[in-house]
S.K.: 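A single structure is presented below for examination.
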Amino acid sequence: MELDQLEQDLTEKISSAGAESALEEIRVAALGKKGVISEKMKVLGKVTPEERKTLGPALNGLKTRIADAISARKAILEEAALDARLATEKVDVTLPVRPEPKGKIHPVTQVFEEVAAIFADMGFEIREGPDIEDDFHNFTALNFPPDHPAREMHDTFFMNEKGNGERMVLRTHTSPVQIRTMMNEQPPLRVIIPGRTFRCDSDQTHTPMFHQVEGLVIDKETHMGHLKGTLTEFVKAFFEVDSVKTRFRPHFFPFTEPSAEMDVGYERVGGELRIGQGDDWMEILGSGMVHPNVLRNVGLDPDEYQGFAFGMGVDRLAMLKYGIPDLRDFFAADARWLEHYGFDPLDQPSTATGLSR
Ligand code: PHE
C-alpha cells in the first residue's frame, strides 16, 4: 500500500515536471544514493527472507518503472526544448537573400551581344582593334587615295602631330581591323569586329562617338549573293519580327567594289520609333565586295582570294529595335533612361532561348 502511494506520487511529479532541471531533482530524490527508493532498498537486508520474497521484486519493479518514466519524460522535455530553440532560430527561406540587384545592361551592350550571338551561329569569330589608329590602317590600306577628300567625308578627329609629323586618328570606322586581321591571319576568314568609332557629328541619329560591328569574309568563292543572303538573314534574326522592310542601295566606299548600303523601313509614331512599317528609311549598314586593291595592300592575291565586308551601326540598330527616338540620350548617362531602356544583367542573349525579352 505504502509503495503504491509512493509510485503514484512520483509518477505525478514526473509527468508534471516542466524542465529538465526539475526532473533531475526528482530523480535524485527518488533514485539517488539517499533517495526514497534507494533507502527502501537498504531495508531489504534487514527483513525476513519471507518478506524479502515479495518486497524485493516490488521494490525492483518500482525502481525500474520510475527510471523509465523519468527517461520518457526527459525525452519529451528535450524535444520541446529543441522545438523552442528552432522556433527562435527560424530562417524565412522565402525572403530575398539581398535586395533586388540594381543596374541594367545598356542597349548598346545588349545589341553587341545579340549581333555576336547571331553571327556566332553562322560561324563568325570575334576580332578587335585599337580605338586610336594610324592613317595607314584607317585610310591608306583601305584604298583611300592620299589627300583625297574621302578622308574628309568621315569628319575625322585628328590627334596632335607626333615628332615625325604623323597624326593618329580616332578611328572613324571599324574597317581598319579588317586590315589588321588580314595582315595577321590567313584565309579563310569569317570574323566580326565590334567596337567604338568616332566622327565629328551630332544630331538625332548621329553622335561623335558611336559603335559599329564590322564583318569580314575572305575565301576563294564568296560572292555578292552570299553578302546579301547573310545580311538579310541577320536582319530577320535580329529584329525578331516576321517581316522587316529592307532595301539595298548602290553606294561608294573606297574599300569595296561593288558597294551597297542597307536601309530598314521605319516610322515615327508620337515619340516612338517603329520598325518594319512606314515610309522612312534608316541606313543601318554599309557593305560590299572587298576591293582588289585592299587585298593587294594586305598581301593577298585578288585573282585567288575574294570576299565581302560590312559595317553596321550598332546604336542605330538599338534605336530601331527598341524604339528609342534620340541617339544622343544613349550617352547622356541618365539613370532613369537606363532604367527604362536597359536590360536584365542575368538574361544573356542567345538565338536558342531568345535574343531579348
Ligand atoms: N566602314 C564603312 C562606314 O563606316 C562601312 C563599311 C564597312 C562599308 C565594310 C563597306 C564594307 O561607313
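Numbering of ligands and ligand atoms starts at 1, following listing order. As the structure is a prediction and not an experimental result, all values here were calculated from the model. Heavy atoms only: backbone and side chains are in, while hydrogens, waters and symmetry mates are out.
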S.K.: Find out if a path of hydrophobic residues (ILVMFWY) with successive side-chain heavy-atom gaps under 4.5 Å connects Val264 to Phe238.
M.R.: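 Linked, Val264 and Phe238 end up in one cluster.
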
S.K.: As an exercise, state the distance from CE of Met182 to OH of Tyr305, rounded to the nearest 0.5 Å.
M.R.: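 Interatomic distance, Met182 CE to Tyr305 OH, rounded to 0.5 Å: 12.5 Å.
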
S.K.: In the structure I gave you, are the side-chain heavy atoms of Leu355 and Ile118 within less than 4.5 Å of one another anywhere?
M.R.: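 Yes, their side chains come closer than 4.5 Å.
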
S.K.: Looking only at heavy atoms, which two atoms of Gly18 and Leu77 are closest? And how far apart?
M.R.: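 That would be O-CD2, 3.7 Å.
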
S.K.: Could you give all pairs that pass the salt bridge (Lys or Arg N to Asp or Glu O under 4.0 Å) test and reach residues 6-23, with sequence neighbours left out?
M.R.: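 Salt bridge (Lys or Arg N to Asp or Glu O under 4.0 Å) check on residues 6-23 returns Glu7-Arg65.
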
S.K.: When you pair each N or O of ligand 1 with protein N or O atoms, which pairs come out under 3.5 Å?
M.R.:
unit_1   : atom_1 : unit_2 : atom_2 : d
ligand 1 : 1 (N)  : His173 : ND1    : 3.0
ligand 1 : 1 (N)  : Ser175 : OG     : 2.9
ligand 1 : 4 (O)  : Arg199 : NH2    : 2.8
ligand 1 : 4 (O)  : Gln212 : NE2    : 2.9

S.K.: Would a single hydrophobic cluster contain both Phe210 and Leu317, if residues Ile, Leu, Val, Met, Phe, Trp and Tyr are joined by side-chain heavy-atom contacts under 4.5 Å?
M.R.: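 Result: no, two separate clusters.
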
